[in-house]
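Here is the structure we will look at, set down as structure tokens.
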Amino acid sequence: MRRSGKTAVIALGGNAISPGGKSNIHEEFANTRKSMDLMLTFIRNGYRLVISHGNGPQVGNALQRVELARGIVPETPLGVLVADTQGSIGYMIEQSLQNKLHDAGMKKEVVTVITQVLIDKDDPACTNPTKFIGQFFTEKDIQPLIKKHGWKVRYVDGKGWRRVVPSPQPVKVINSRLIRHLIDGGAIVIAAGGGGIPVYYDEKGHLEGFDAVIDKDLASAVLADEIKADELFILTGVDQVALHFGTPQETYLSQITLSEARTFDEEGHFPPGSMGPKIHGAIHFLERGGKSVTITSLDRIDDALHGLTGTRIVPD
Ligand SMILES: NC(=O)OP(=O)(O)O
């Protein structure tokens with residue numbers, strides 16, 4: 001089928017739904033409903049949409065619930081919790097968007113695709129936990145959790161201690177061809193939530209789950225390439241990408257090229273677990289023919305679409 005309009009993948013941060021990881025389900029629904037206004041902005045600007053989303057706060061809370069109930073109810077492993085959070089967050093986004101479309105008098109189908117993402121089981125990242133999940137803790141509060149459950153943790157400047165889990169690179173999105181068919185059929189597709197459920201092929205060629213959390217910006221970039229999207233939007237907590245972030249030399253970027261993004265990355269401007277994966281995702285997508293990547297905040301997307309804010313990364 002011939003496509004009309006531009007296709008965009010919109011990557012929503014897990015914090016857009018649960019800021020700080022502390023929201024209850026009512027607050028999560030309220031935050032999701034609010035963030036769906038921006039999807040109408042995209043549709044009105046002529047985009048066909050694939051929405052991906054984070055799950056860092058939610059999957060961390062889910063894993064902690066499993067640990068709190070250990071010995072009382074059967075356990076659920078991390079890989080399956082990624083599937084659980086894909087389903088629950090996908091449901092919240094799907095229903096919230098369906099209601100927004102109804103109120104706006106727009107007729108469009110919205111569907112959530114539970115998405116498996118292929119990883120390499122020999123990726124060194126599988127044994128080196130770096131992906132932040134769950135809430136922030138004080139040192140006093142996190143020590144008993146390290147002791148009791150063997151948590152691996154890292155300190156985030158100005159925010160506190162947070163749990164980390166393995167985060168292998170996404171290699172391929174299983175079902176990306178089906179996702180492409182759904183977009184071509186006119187649907188808005190929610191896919192690769194929480195970075196996708198990590199899977200690998202075993203020696204029999206069967207898919208098998210792996211306990212990790214893939215970075216959703218990297219997975220979104222792989223998906224955007226595989227469905228041949230035109231643009232990738234990464235929505236996060238800041239309006240623009242900065243060089244020398246948090247220092248007196250801090251400089252915000254409006255538009256840079258792919259080569260400049262590579263250079264700034266090599267110079268160490270983009271920390272891992274923060275702006276790093278967003279820039280790496282942008283580079284992955286643009287190197288494979290993507291037309292543009294915009295990094296901005298949820299609240300400023302309308303301004304970013306009009307060139308008033310955001311950081312746009314374009315091919316050389
Ligand atoms: N999976 C993932 O990257 O989630 P967050 O964006 O919420 O950290």
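Basis for what follows: all heavy atoms, side chains included, without hydrogens, waters or symmetry-related copies. All ligand and atom numbering here is 1-based and tracks the order in the structure.
Every residue two or more places apart in sequence or in another chain was checked for a side-chain hydrogen bond (donor to acceptor under 3.5 Å, both in side chains) with Glu109, and none qualifies.
Applying the side-chain hydrogen bond (donor to acceptor under 3.5 Å, both in side chains) test to pairs two or more places apart or on separate chains, those with a residue in residues 214-225 are Ser52-Ser220, Asp217-Lys278, Asp225-Lys228. For the ring pair (Phe, Tyr, Trp, His ring centres under 6.0 Å) condition, the pairs that include at least one residue of residues 213-235, sequence neighbours left out, are Phe42-Phe233, Tyr47-Phe233.
Using a distance-only test at 3.5 Å, with no hydrogens or angles considered, a donor-acceptor pair links the side chain of Thr247 to the main chain of His244.
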- Message: Go through it in stages, so that I can follow the logic: the residues are Met39 and Lys100, the test is side-chain contact (heavy atoms from CB on, under 4.5 Å), and I'd like the CA-CA distance, side-chain angles, deciding distance and then a yes or no.
- Response: CA-CA 9 Å; Met39 297 305 165; Lys100 285 276 176 206; over 6 Å; no

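By the 4.5 Å heavy-atom criterion applied to side chains, Leu101 and Leu40 are counted as neighbours.
Annotation: ligand 1 has protein neighbours Gly14, Gly54, Asn55, Gly56, Pro57, Lys131, Gly194, Val213, Ile214, Asp215, Lys216, each with a heavy atom less than 4.0 angstrom from the ligand.
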